[in-house]
Amino acid sequence: MSHDVPHIPPETLKNWQRLVDLVARLADVPASLIMKTDDPEHSVLVTSEHPDNPYPVGMEFRLNPKLYCQGVFENDGELVVEDATCDPRWQDNEDLDHGMSFYIGLPLKWPDGAIFGTICVLDRDRNRRALLFREGLAQFARLVEQDLALLQEVYLRRALEAKLTETMEHLEQRVDDRTRALQEANTALRVLLSSVEDDRRARDEEILSQVRSMVWPYFERLRDRIGQAEPQRSYLDLAEQNLAQITSAMTDQLSEAFAIMTPTEIEVAQMVMAGKTTKDIAKALSRETSTIDFHRNNIRRKLGLEGRGSNLRSHLLAIS
(Lines give C-alpha, C1' and ligand atoms only; values in the text may rest on other atoms or scores of the structure.)
Protein backbone atom coordinates (compact mmCIF):
# COMPACT_ATOMS: atom_id res chain seq x y z
CA MET A 1 0.00 0.00 0.00
CA SER A 2 1.12 3.57 -0.60
CA HIS A 3 0.25 4.56 2.93
CA ASP A 4 0.73 3.10 6.38
CA VAL A 5 -1.27 -0.05 7.11
CA PRO A 6 -3.06 -0.88 10.34
CA HIS A 7 -1.62 -3.30 12.84
CA ILE A 8 -3.37 -6.66 12.99
CA PRO A 9 -4.70 -6.88 16.57
CA PRO A 10 -4.45 -10.06 18.67
CA GLU A 11 -8.23 -10.57 18.57
CA THR A 12 -8.19 -10.71 14.77
CA LEU A 13 -5.23 -13.10 14.77
CA LYS A 14 -7.14 -15.41 17.14
CA ASN A 15 -10.12 -15.40 14.76
CA TRP A 16 -7.84 -16.18 11.84
CA GLN A 17 -6.25 -19.00 13.84
CA ARG A 18 -9.64 -20.63 14.26
CA LEU A 19 -10.26 -20.08 10.54
CA VAL A 20 -7.07 -21.81 9.30
CA ASP A 21 -7.60 -24.70 11.73
CA LEU A 22 -11.12 -25.12 10.33
CA VAL A 23 -9.81 -24.95 6.74
CA ALA A 24 -7.21 -27.63 7.54
CA ARG A 25 -9.89 -29.96 8.89
CA LEU A 26 -12.38 -29.34 6.08
CA ALA A 27 -9.76 -29.70 3.34
CA ASP A 28 -7.97 -32.51 5.18
CA VAL A 29 -4.51 -30.92 4.80
CA PRO A 30 -1.65 -30.63 7.31
CA ALA A 31 -0.90 -27.00 6.44
CA SER A 32 -3.38 -24.16 6.13
CA LEU A 33 -1.67 -20.74 6.13
CA ILE A 34 -2.29 -17.02 6.03
CA MET A 35 0.85 -15.45 4.60
CA LYS A 36 1.76 -11.77 4.90
CA THR A 37 3.75 -10.03 2.19
CA ASP A 38 6.16 -7.14 2.72
CA ASP A 39 7.85 -7.21 -0.68
CA PRO A 40 10.29 -8.87 -1.16
CA GLU A 41 9.65 -10.83 2.05
CA HIS A 42 6.79 -13.31 2.40
CA SER A 43 6.22 -14.81 5.86
CA VAL A 44 3.86 -17.07 7.78
CA LEU A 45 1.43 -14.93 9.81
CA VAL A 46 -1.05 -17.63 10.94
CA THR A 47 -0.54 -21.40 10.64
CA SER A 48 -2.82 -24.37 11.33
CA GLU A 49 -2.14 -26.42 14.40
CA HIS A 50 -1.32 -29.86 12.94
CA PRO A 51 1.51 -32.23 13.90
CA ASP A 52 2.61 -32.59 10.25
CA ASN A 53 2.58 -28.85 9.53
CA PRO A 54 6.21 -27.77 8.78
CA TYR A 55 5.44 -24.02 8.69
CA PRO A 56 5.77 -22.19 12.03
CA VAL A 57 4.62 -18.59 12.54
CA GLY A 58 7.31 -16.17 11.40
CA MET A 59 8.89 -18.51 8.86
CA GLU A 60 10.11 -16.32 5.99
CA PHE A 61 10.47 -16.78 2.23
CA ARG A 62 11.85 -14.40 -0.34
CA LEU A 63 9.52 -13.83 -3.27
CA ASN A 64 10.83 -15.47 -6.45
CA PRO A 65 9.34 -17.14 -9.55
CA LYS A 66 9.72 -20.61 -7.97
CA LEU A 67 7.58 -19.72 -4.94
CA TYR A 68 3.94 -20.89 -5.06
CA CYS A 69 2.68 -17.57 -3.67
CA GLN A 70 4.59 -15.66 -6.35
CA GLY A 71 2.46 -17.58 -8.86
CA VAL A 72 -0.70 -16.42 -7.04
CA PHE A 73 0.39 -12.80 -7.42
CA GLU A 74 1.28 -13.33 -11.09
CA ASN A 75 -2.16 -14.84 -11.73
CA ASP A 76 -3.82 -12.16 -9.58
CA GLY A 77 -6.07 -15.02 -8.55
CA GLU A 78 -6.19 -18.67 -7.65
CA LEU A 79 -3.19 -20.93 -8.21
CA VAL A 80 -3.59 -24.71 -8.13
CA VAL A 81 -0.55 -27.02 -8.20
CA GLU A 82 -1.66 -30.65 -7.99
CA ASP A 83 1.83 -32.19 -8.15
CA ALA A 84 4.87 -29.93 -8.27
CA THR A 85 7.15 -32.91 -8.89
CA CYS A 86 5.56 -33.34 -12.30
CA ASP A 87 5.80 -29.68 -13.30
CA PRO A 88 9.25 -28.32 -14.30
CA ARG A 89 8.22 -24.81 -13.17
CA TRP A 90 8.03 -25.88 -9.52
CA GLN A 91 10.77 -28.48 -9.30
CA ASP A 92 13.11 -26.07 -7.46
CA ASN A 93 10.35 -24.82 -5.15
CA GLU A 94 11.45 -24.36 -1.54
CA ASP A 95 8.26 -26.06 -0.35
CA LEU A 96 9.46 -29.29 -1.91
CA ASP A 97 12.17 -29.31 0.77
CA HIS A 98 9.29 -30.04 3.14
CA GLY A 99 7.67 -32.49 0.74
CA MET A 100 4.78 -30.09 0.00
CA SER A 101 4.04 -30.81 -3.66
CA PHE A 102 0.32 -29.97 -3.53
CA TYR A 103 -0.81 -26.32 -3.28
CA ILE A 104 -3.93 -24.22 -3.60
CA GLY A 105 -3.64 -20.49 -2.89
CA LEU A 106 -5.58 -17.24 -3.26
CA PRO A 107 -4.48 -13.62 -2.91
CA LEU A 108 -5.53 -11.47 0.05
CA LYS A 109 -5.91 -7.77 -0.61
CA TRP A 110 -6.53 -4.52 1.23
CA PRO A 111 -9.66 -2.57 0.23
CA ASP A 112 -7.64 -0.44 -2.22
CA GLY A 113 -6.38 -3.52 -4.05
CA ALA A 114 -2.91 -3.56 -2.52
CA ILE A 115 -1.51 -6.98 -1.68
CA PHE A 116 -1.75 -8.14 1.93
CA GLY A 117 -0.61 -11.71 1.33
CA THR A 118 -2.16 -15.10 0.55
CA ILE A 119 -4.32 -17.81 2.06
CA CYS A 120 -3.29 -21.31 1.05
CA VAL A 121 -3.37 -25.02 1.79
CA LEU A 122 -0.49 -27.47 1.22
CA ASP A 123 -0.12 -31.24 1.31
CA ARG A 124 2.47 -33.86 0.44
CA ASP A 125 0.22 -35.64 -2.09
CA ARG A 126 -2.50 -34.70 -4.51
CA ASN A 127 -5.51 -34.01 -2.29
CA ARG A 128 -8.86 -34.58 -3.98
CA ARG A 129 -10.79 -33.34 -0.94
CA ALA A 130 -8.89 -30.07 -0.96
CA LEU A 131 -9.60 -29.67 -4.68
CA LEU A 132 -13.31 -30.01 -3.97
CA PHE A 133 -12.94 -27.39 -1.19
CA ARG A 134 -11.57 -24.68 -3.51
CA GLU A 135 -14.82 -22.63 -3.42
CA GLY A 136 -14.86 -22.91 0.38
CA LEU A 137 -11.30 -21.63 0.51
CA ALA A 138 -12.37 -18.67 -1.65
CA GLN A 139 -15.15 -17.91 0.83
CA PHE A 140 -12.66 -17.96 3.72
CA ALA A 141 -10.40 -15.61 1.72
CA ARG A 142 -13.30 -13.16 1.44
CA LEU A 143 -13.84 -13.36 5.21
CA VAL A 144 -10.21 -12.40 5.79
CA GLU A 145 -10.51 -9.52 3.33
CA GLN A 146 -13.64 -8.31 5.14
CA ASP A 147 -11.60 -8.21 8.33
CA LEU A 148 -8.90 -6.26 6.49
CA ALA A 149 -11.50 -3.78 5.22
CA LEU A 150 -12.87 -3.29 8.73
CA LEU A 151 -9.38 -2.81 10.17
CA GLN A 152 -8.57 -0.31 7.43
CA GLU A 153 -11.78 1.63 8.06
CA VAL A 154 -11.12 1.82 11.80
CA TYR A 155 -7.51 2.79 11.17
CA LEU A 156 -8.42 5.56 8.73
CA ARG A 157 -11.18 6.83 11.01
CA ARG A 158 -8.82 7.03 13.97
CA ALA A 159 -6.18 8.70 11.79
CA LEU A 160 -8.80 11.21 10.64
CA GLU A 161 -9.93 11.84 14.21
CA ALA A 162 -6.31 12.35 15.26
CA LYS A 163 -5.78 14.76 12.37
CA LEU A 164 -9.00 16.58 13.20
CA THR A 165 -7.96 16.84 16.84
CA GLU A 166 -4.57 18.17 15.80
CA THR A 167 -6.20 20.68 13.46
CA MET A 168 -8.66 21.80 16.15
CA GLU A 169 -5.85 22.22 18.65
CA HIS A 170 -3.91 24.22 16.06
CA LEU A 171 -6.95 26.40 15.36
CA GLU A 172 -7.60 26.89 19.07
CA GLN A 173 -3.98 27.92 19.52
CA ARG A 174 -4.29 30.36 16.64
CA VAL A 175 -7.50 31.76 18.15
CA ASP A 176 -5.79 32.10 21.54
CA ASP A 177 -2.81 33.83 19.93
CA ARG A 178 -5.10 36.10 17.94
CA THR A 179 -7.17 36.88 21.01
CA ARG A 180 -4.07 37.80 23.00
CA ALA A 181 -2.84 39.96 20.12
CA LEU A 182 -6.20 41.73 19.93
CA GLN A 183 -6.26 42.23 23.69
CA GLU A 184 -2.79 43.72 23.56
CA ALA A 185 -3.79 45.92 20.62
CA ASN A 186 -6.94 47.03 22.45
CA THR A 187 -4.92 47.85 25.55
CA ALA A 188 -2.46 49.87 23.48
CA LEU A 189 -5.35 51.62 21.71
CA ARG A 190 -7.04 52.48 25.01
CA VAL A 191 -3.78 53.91 26.32
CA LEU A 192 -3.36 55.92 23.11
CA LEU A 193 -6.96 57.17 23.17
CA SER A 194 -6.62 58.06 26.85
CA SER A 195 -3.46 59.98 26.07
CA VAL A 196 -5.16 61.77 23.17
CA GLU A 197 -8.16 62.59 25.36
CA ASP A 198 -5.89 63.92 28.11
CA ASP A 199 -4.08 66.06 25.55
CA ARG A 200 -7.41 67.36 24.24
CA ARG A 201 -8.64 68.25 27.70
CA ALA A 202 -5.38 70.00 28.50
CA ARG A 203 -5.58 71.95 25.25
CA ASP A 204 -9.24 72.87 25.83
CA GLU A 205 -8.50 73.96 29.39
CA GLU A 206 -5.63 76.11 28.16
CA ILE A 207 -7.83 77.73 25.49
CA LEU A 208 -10.66 78.29 27.99
CA SER A 209 -8.25 79.79 30.46
CA GLN A 210 -6.93 82.18 27.83
CA VAL A 211 -10.46 83.13 26.71
CA ARG A 212 -11.51 83.85 30.30
CA SER A 213 -8.47 85.95 31.05
CA MET A 214 -7.86 87.62 27.71
CA VAL A 215 -11.32 87.91 26.04
CA TRP A 216 -14.30 87.82 28.40
CA PRO A 217 -13.23 90.80 30.56
CA TYR A 218 -13.20 93.04 27.50
CA PHE A 219 -16.78 92.16 26.58
CA GLU A 220 -17.99 93.67 29.85
CA ARG A 221 -15.87 96.79 29.32
CA LEU A 222 -17.11 97.21 25.75
CA ARG A 223 -20.70 96.76 26.90
CA ASP A 224 -20.27 99.50 29.50
CA ARG A 225 -18.86 101.84 26.85
CA ILE A 226 -21.45 101.04 24.20
CA GLY A 227 -24.44 101.10 26.53
CA GLN A 228 -27.67 100.56 24.57
CA ALA A 229 -26.31 101.86 21.25
CA GLU A 230 -27.38 99.90 18.21
CA PRO A 231 -26.12 98.15 16.11
CA GLN A 232 -22.88 98.04 18.10
CA ARG A 233 -24.52 96.28 21.05
CA SER A 234 -26.15 93.70 18.77
CA TYR A 235 -22.81 92.86 17.17
CA LEU A 236 -21.19 92.65 20.60
CA ASP A 237 -23.92 90.34 21.90
CA LEU A 238 -23.62 88.16 18.79
CA ALA A 239 -19.83 87.92 19.14
CA GLU A 240 -20.16 87.01 22.84
CA GLN A 241 -22.84 84.43 22.06
CA ASN A 242 -20.76 82.82 19.28
CA LEU A 243 -17.69 82.66 21.51
CA ALA A 244 -19.78 81.06 24.25
CA GLN A 245 -21.00 78.41 21.80
CA ILE A 246 -17.46 77.67 20.62
CA THR A 247 -16.04 77.34 24.12
CA SER A 248 -19.02 75.36 25.42
CA ALA A 249 -18.10 72.52 23.02
CA MET A 250 -14.76 72.16 24.79
CA THR A 251 -16.22 70.91 28.05
CA ASP A 252 -19.42 69.48 29.45
CA GLN A 253 -18.68 70.23 33.07
CA LEU A 254 -20.89 72.58 35.03
CA SER A 255 -17.85 73.95 36.82
CA GLU A 256 -16.49 75.14 33.46
CA ALA A 257 -19.76 76.91 32.76
CA PHE A 258 -19.63 78.58 36.17
CA ALA A 259 -16.06 79.68 35.46
CA ILE A 260 -17.27 82.30 32.93
CA MET A 261 -19.97 83.64 35.27
CA THR A 262 -19.83 86.25 37.99
CA PRO A 263 -20.45 85.14 41.58
CA THR A 264 -23.99 86.58 41.44
CA GLU A 265 -24.69 84.79 38.15
CA ILE A 266 -23.48 81.51 39.68
CA GLU A 267 -25.79 82.03 42.63
CA VAL A 268 -28.75 82.75 40.34
CA ALA A 269 -27.91 79.72 38.14
CA GLN A 270 -27.83 77.41 41.16
CA MET A 271 -31.27 78.65 42.28
CA VAL A 272 -32.61 78.17 38.73
CA MET A 273 -31.34 74.60 38.83
CA ALA A 274 -33.13 74.13 42.15
CA GLY A 275 -36.39 75.06 40.43
CA LYS A 276 -36.76 78.55 41.92
CA THR A 277 -38.76 81.16 39.97
CA THR A 278 -37.48 84.65 39.22
CA LYS A 279 -39.70 85.99 42.02
CA ASP A 280 -38.35 83.39 44.48
CA ILE A 281 -34.75 84.23 43.56
CA ALA A 282 -35.37 87.99 43.86
CA LYS A 283 -36.83 87.52 47.31
CA ALA A 284 -33.99 85.26 48.44
CA LEU A 285 -31.28 87.66 47.20
CA SER A 286 -33.19 90.83 48.21
CA ARG A 287 -33.10 92.09 44.63
CA GLU A 288 -35.63 93.34 42.13
CA THR A 289 -37.07 90.83 39.68
CA SER A 290 -35.69 92.98 36.85
CA THR A 291 -32.21 92.50 38.29
CA ILE A 292 -32.70 88.74 38.36
CA ASP A 293 -33.93 88.83 34.75
CA PHE A 294 -30.80 90.76 33.82
CA HIS A 295 -28.58 88.10 35.38
CA ARG A 296 -30.58 85.30 33.76
CA ASN A 297 -30.14 86.93 30.36
CA ASN A 298 -26.40 87.24 30.98
CA ILE A 299 -26.23 83.55 31.93
CA ARG A 300 -28.13 82.55 28.79
CA ARG A 301 -25.81 84.71 26.69
CA LYS A 302 -22.66 83.21 28.23
CA LEU A 303 -24.01 79.69 27.72
CA GLY A 304 -24.88 80.43 24.09
CA LEU A 305 -28.63 80.16 24.68
CA GLU A 306 -29.62 83.70 23.78
CA GLY A 307 -32.28 83.79 21.11
CA ARG A 308 -32.58 79.97 20.99
CA GLY A 309 -35.67 79.52 23.11
CA SER A 310 -33.95 76.79 25.16
CA ASN A 311 -35.00 76.31 28.78
CA LEU A 312 -32.21 77.60 31.04
CA ARG A 313 -32.91 75.16 33.89
CA SER A 314 -32.97 72.13 31.54
CA HIS A 315 -29.68 73.19 29.99
CA LEU A 316 -27.97 73.66 33.35
CA LEU A 317 -29.18 70.27 34.56
CA ALA A 318 -28.01 68.63 31.34
CA ILE A 319 -24.43 69.88 31.75
CA SER A 320 -24.28 69.18 35.49
Side-chain angles (χ1 to χ4, degrees), residues 179 182-320:
T179 299
L182 289 175
Q183 289 173 342
E184 292 172 358
N186 286 337
T187 299
L189 181 60
R190 284 195 295 270
V191 171
L192 178 61
L193 291 176
S194 178
S195 176
V196 170
E197 183 64 18
D198 290 343
D199 291 343
R200 185 193 66 80
R201 289 196 186 98
R203 182 197 63 206
D204 289 351
E205 290 174 0
E206 181 180 358
I207 294 174
L208 286 172
S209 177
Q210 292 176 352
V211 169
R212 292 188 200 112
S213 62
M214 300 172 64
V215 180
W216 285 114
Y218 295 100
F219 277 110
E220 297 300 330
R221 294 182 185 180
L222 286 172
R223 187 170 282 103
D224 291 342
R225 285 180 177 272
I226 293 173
Q228 299 300 320
E230 295 290 349
Q232 292 89 339
R233 185 177 182 84
S234 296
Y235 284 131
L236 179 63
D237 290 344
L238 183 59
E240 188 176 20
Q241 178 181 346
N242 290 341
L243 183 60
Q245 288 179 337
I246 293 172
T247 56
S248 66
M250 295 180 177
T251 177
D252 57 358
Q253 300 297 320
L254 183 61
S255 59
E256 298 294 340
F258 284 168
I260 61 176
M261 300 181 191
T262 65
T264 302
E265 288 169 353
I266 294 174
E267 199 171 11
V268 171
Q270 290 175 332
M271 290 187 178
V272 170
M273 293 175 65
K276 302 294 184 180
T277 64
T278 298
K279 185 176 180 180
D280 294 334
I281 298 172
K283 183 177 180 181
L285 298 180
S286 299
R287 305 286 177 86
E288 296 296 329
T289 55
S290 58
T291 302
I292 302 305
D293 286 336
F294 173 77
H295 289 307
R296 289 177 68 114
N297 289 333
N298 283 341
I299 293 171
R300 292 181 64 85
R301 184 180 69 253
K302 292 180 179 180
L303 294 178
L305 300 177
E306 193 171 37
R308 291 172 55 185
S310 300
N311 183 275
L312 178 59
R313 180 170 183 263
S314 297
H315 181 78
L316 289 170
L317 291 174
I319 67 175
S320 62

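The CD1 atom of I281 lies 12.0 Å from the OG1 atom of T291; values are rounded to the nearest 0.5 Å. Rounding to the nearest 0.5 angstrom, the gap separating the CD1 atom in I299 from the OG1 atom in T262 is 7.5 Å. To the nearest 0.5 Å, atoms OG1 (T278) and CE (M271) are separated by 12.0 Å. A distance of 10.5 Å separates OG1 of T277 from CD1 of I292, quoted to the nearest 0.5 Å. One distance of note links OG1 of T187 with CG of L192; it measures 12.5 Å at 0.5 Å rounding.
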field: Test log, rule side chain to side chain contact (heavy atoms under 4.5 Å, CB included), inputs K276 and V268
entry: CA-CA 9 Å; K276 302 294 184 180; V268 171; over 6 Å; no
message: Please determine whether side chain to side chain donor-acceptor pair (under 3.5 Å) holds for the pair R301 and N298, giving the CA-CA distance in whole Å, both sets of side-chain angles, and the decisive distance to 0.1 Å.
response: CA-CA 5 Å; R301 184 180 69 253; N298 283 341; 2.5 Å; yes
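A salt bridge (Lys or Arg N to Asp or Glu O under 4.0 Å) check over residues 278-299, counting only residues at least two apart or in different chains, returns nothing. Evaluation of the salt bridge (Lys or Arg N to Asp or Glu O under 4.0 Å) test over residues 261-274, restricted to residues two or more places apart or in two chains, returns E265-K302.
Smallest separation of non-hydrogen atoms from A269 and L316: O-CD1, 3.7 Å. Taking both residues in full, the closest heavy atoms of R313 and A274 are given as NE-C, 4.3 Å, listed atom of the first, atom of the second, then distance. Counting all heavy atoms, side chain and backbone alike, T264 lies closest to H295 at CG2-NE2, 3.4 Å.
Not one N or O on the side chain of S195 forms a donor-acceptor pair closer than 3.5 Å with the backbone of V191.
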